Amino acid sequence: MSFEKFISEANEAVKFSLKKLEIKNETFNLTEPTRDEFGDLSCNVAFLLTKQLQKSPQMIASMLVEQYHQFRKTDSNSQSYISSVVAHDSGYINFQANLALIGEEVISHILKNDHLRMDIGKGKKVIIEHTSVNPNKSLHVGHLRNVAIGDTIYRILRDTNHDVRVLNYVDDSGLQVADILVGFLFLKFPVTPLNNNIKFDTYCGNEIYVKVNELYEKDPELVEKRKLLLKKLEQGDPEIISFASEITSKVLKDQLRTCWRMKARYDLLNFESHIIISKLWAKTFERLRNENIIIKETEGENAGCWVFGSDVEGTKIIVRSDGTATYIAKDIPYALLKVGTLEDQFKYLAFLKQWDNTTLWRSTTDDLNEANQLNFFPAEDSITVIDNRQTRLQRIIKEILNKFESNSNRYMHLAYGPVLLSNRTAKDLGMESEDQKSVQMSGRKGIFVDADFVLDTLYRKAKEETIKRNPEIAGKDLERTSEEIAISAMRYSLIKNDLEKELKFDMIDSLSLDGNSGPYLQYAYARCCRLIEKSNINSFSGDASILSDPIEYRLIKHLSKYAISIEDTIKNMEPKLIAVYAYELATMFNLFYEKLPILKERDTELSQARISLVEAIRKILKIFISFVGITPLERM
RNA sequence: GGGCCCAUAGUUCAGUUUGGAUAGAAUGGCUGCCUGCGGAGCAGUUGGUCGAGGGUUCAAGUCCCUCUGGGCCCA
C-alpha cells in the first residue's frame, strides 16, 4: 500500500544522498514525527554522522537534502510519493508525503475491493488454543480476557489467509473436577440444583466448589476422598469417568454459551481424559525415555523420579516415584500433537452447532461408525493462549519439543497478565482490601466477578441508553442492539491494553460506553452508515485530490497505513494495535464530521469526494472492529 | 534463596522493542458547542520532578548499574 511506498522511497532517498557524499554504512531511522508541522516522516541520520563528519547536524542535514534536490531535478518525470524534503534547524530531515497521490491510490483501492483481504498467511495452517477453562465453574472476567485475546487473534489470522483451527482444551480429569465430584458424591449436592434459575456451571462453581474447599480445611478425610477420586479419574475407572463426564459436559455447555455470547467460536474440544484413555501419555512417556529426553534419578531427593534437565529452569520432575504423572507431563502429548511429533489417532464427533452455524467437534475414544477422521493436527504454527503465571511451564514444554525437533519454533505461548479486581470492585464484593491495592481473583475462595453477570449489567445499561436515544427501536431489534453494544464494550476493554500487564477490572469503569471504548467505535461506524445512506450514492469515486483540509489529510494518511497496522499486529502478536488503529481512525472521523460539512457541502464535487472518504473510512472501520469481535451496527 | 515482570496526570492506561523535536489518550473536575450530517460526539481548561539515585550520550520516560516499593513463578 501507498504509505509503505512513501517510506521506502524516503529510505532510498537518504541512502542515495549518503552514497553521493560517499558516506558508508550508516544506519538510520525513519520515524513519524511528533507534530504535524514536521511533515510525515523524519530521518535522524544527521545526528548519527556528527562525529564522523565533524559537522553540526543542521549542516549535514542540509548537505544531504541538497543532494536529493539535485537528483530530483534530473529525474523530475517520474511520479514521487515524496512532495518535499526539508533540512530542519534541529538537524532532522523531514519528508512531506505526496498525499494527493497516496490518497488517490488508497481511497480507490479501498473502494474498489470488496473484501480487502490481505494474503499474509499464504494459506499456512495455524492452531490456536484458547479459553481452556476447567469444567467445574462458570467463567469469570479473568477467563474472558483469554477468550477475547484468543478469538481476536483467530479473526485476524483467518482474514489474512491463514488456515486456522481453534482448539479448546478441557481438563476434565483434574483436581478441580474432582473437587465438585466430592460435592456430588460425598456432600450429597443434588445433580439438579434446587434453585432452577441458576445456570449449572454457576451452581458448580459458586456453590459446590467454594463449599467443598471450605470444608477441606475442617475435614481432612474429605481431602483423602478427593485423592481417591482423582486416582480413579486418572486410571479410568468406568463408573467415575461416566459420572464425571455427565457433570463436566453439562458445565462445558453452559461455559460455551458464555463464550458464544462473547462472539468466540471453536473448531474442536479436546479432553484430557481422552489423552489418558488413548494411551497418548503412555506413548509420550515411552518416547521421552527412549530418546533420553528424561532420565530416571537413582539417588538424591528425586530418587525414583523421571526428570527433565532443563537448560534454563533446572531439574523438573515429569513422573513421580510412585508412577503418577505431574501436571506438566499431561501437557506434553497435546503439544506434541499440535506440532506433529505425535500422530493424531483420535476420531471426531460433531458436538454442537455454534452461533455462526459452524460445527464444534469433539474428540472421542469410542470406536463409533459415525466418528470421523479430521485433520485438525498438526499445524505449521501453534499458538497457546495462557496467562503469564504459566510461562515457566510453557518454556519447559517448548524446550522438550525442541529435543524432538531441533528446528521447532512452531510452538508459541501467547502470554498475558491476569485480571485483578480493582480496590473499589473488591470492596463492593465485600472483600477487605487495603487502599491502593488490587485483588487477585480466586475461584476457589469465591472471589471473582462472574462473566455473565458483567455482561448482563452492561446489557441493561446499553438498553437504557438505546431507548433514550432511539425511541423507535423496540422488541428484538432493541435486544439485539443492546447486546451487541454490551459485548463490544467488554471485548474492547479486554484487548486494548498491553498483553503483558495485569488488567485491573473495575465494574463501574467497565460500564462506561464513552471515550476510548467499543461503543465509541460502533458509534463512529453508525455515523458513517447514516451519511452514506442519506447521500443516496452507491458508486464512489476515488478522487481524493480535492480534499485539502488538514483534517482530511490526516484521515487519508491514517487510512494509508491500515495494512501496516495489520502486519504489525501479526508480527508482534499484539492485538491492542488493532484497537489503537481503530480508535485513532474513529477519533479523526469524528473530528472531520464535526468540523467539515459533508452532505451539506454546496460544492457537489467536494461533497462527493468527502462522501467517498466516509465510505472508505466505513469499510476500514468495519474490518478493524470485526477483528476485535465487535459487530458493526448501522444504527444504535 | 533463584528467576521473571511491573512503577508515567486524582484514577485507568499509551509511549520503552529501534534513544531524538513541547511526554499523549481516556476518565474525573470546571467551561463552551444541537432550528444544521445522530451530543454514545466535538472543543477548551485543570492535572506529570515519567518510583529514587548514579552512569553512558550531542540527546534518556526509553539503554546500563544500584536501591526502594509491588506482583508472579520456582525452591
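Being a predicted model, the structure only gives us computed values, none of them experimental. Residue numbering restarts at 1 for every chain, and letters A, B, ... go by the order of the sequence lines.
- Across all strands, A:T466 comes closer than 4.0 Å to base atoms (heavy-atom distances).
- Checking each of A:L503, A:V628, A:V580, A:N516 against A:K496 for a side-chain contact (heavy atoms from CB on, under 4.5 Å) leaves exactly one that passes, namely A:N516.
- As judged by a 4.0 angstrom heavy-atom cut-off over every strand, A:D506 is placed among residues making no nucleic acid contact.
- Across all strands shown, A:L591 has heavy atoms under 4.0 Å from sugar-phosphate atoms exclusively, and none from any base.
- At the heavy-atom level, A:T391 lies nowhere under 4.0 Å from the strands shown.
- Between the A:N302 side chain and the A:C305 main chain, no donor and acceptor come within less than 3.5 Å of each other.
- At a cut-off of 3.5 angstrom, counting only N and O atoms as typed in the model, there is no donor on one side facing an acceptor on the other between the side-chain of A:S512 and the base of B:A26.
- For A:Y593 and B:G41, the ring-to-base geometry does not satisfy the stacking test (centroid distance below 5.5 Å, interplanar angle below 30°).
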Between N or O atoms, less than 3.5 Å apart, protein on one side and nucleotides 72-75 of chain B on the other: list the pairs.
| residue | atom | partner | partner atom | Å |
| --- | --- | --- | --- | --- |
| B:C73 | O2 | A:R392 | NH1 | 3.4 |
| B:C74 | O4' | A:R392 | NE | 3.4 |

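- Counting non-hydrogen atoms under 4.0 angstrom, A:L596 reaches a base of the nucleic acid.
- Dashed line: the shortest gap from a side-chain N or O of A:K501 to OP1 or OP2 of B:U12 is not under 4.0 Å.
- Of the two residues contacting RNA chain B, namely A:N470 and A:N44, the nearest-nucleotide position lying further toward the 5' end is that of A:N44.
- Checking B:C37, B:G41, B:A25 against every side-chain atom of A:Y583, the shortest atom distance belongs to B:A25.
- Judged by atom type and distance alone, A:N94 reaches the base of B:A21 through a side-chain donor-acceptor pair under 3.5 Å.
- Checking B:G36, B:A26, B:A14 against the side-chain heavy atoms of A:D498 singles out B:A14 as nearest.
- For the pair A:I598 and A:A462, both in contact range of RNA chain B, the more 5′-proximal nearest nucleotide belongs to A:I598.
- Cation-pi contact between A:K561 and A:F3: present, with separation from the ring centre below 6.0 Å and deviation from the ring axis of at most 45°.
- Counting non-hydrogen atoms under 4.0 angstrom, A:P597 reaches a base of the nucleic acid.
- Using a 4.0 Å heavy-atom distance criterion, A:Y520 is classed as a sugar-phosphate-only contact.
- Within the 4.0 angstrom heavy-atom criterion, base atoms lie near A:P33.
- Among the protein residues, A:T50 comes within range of no part of the nucleic acid, since none of its heavy atoms lies under 4.0 Å from any strand.
- Here the nucleotide nearest the side chain of A:N29, chosen from B:A7, B:U18, B:G41, is B:U18.
- Candidate nucleotides B:U27, B:C6, B:C13 were compared by shortest atom distance to the side chain of A:N497, and B:C13 ranks first.
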Self-check item: Pairing string, 5' to 3', for RNA chain B - Watson-Crick or wobble contacts under 3.5 Å, brackets [ ] where pairs cross, | to another strand
Solution: (((((((..((((......[...))))((((((.......))))))....(((((..]....)))))))))))).
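- Between A:K534 and the phosphate of B:G38, there is a side-chain N or O to OP1/OP2 separation shorter than 4.0 Å.
- The residue A:K496 sits apart from the nucleic acid: no heavy atom pair falls under 4.0 Å.
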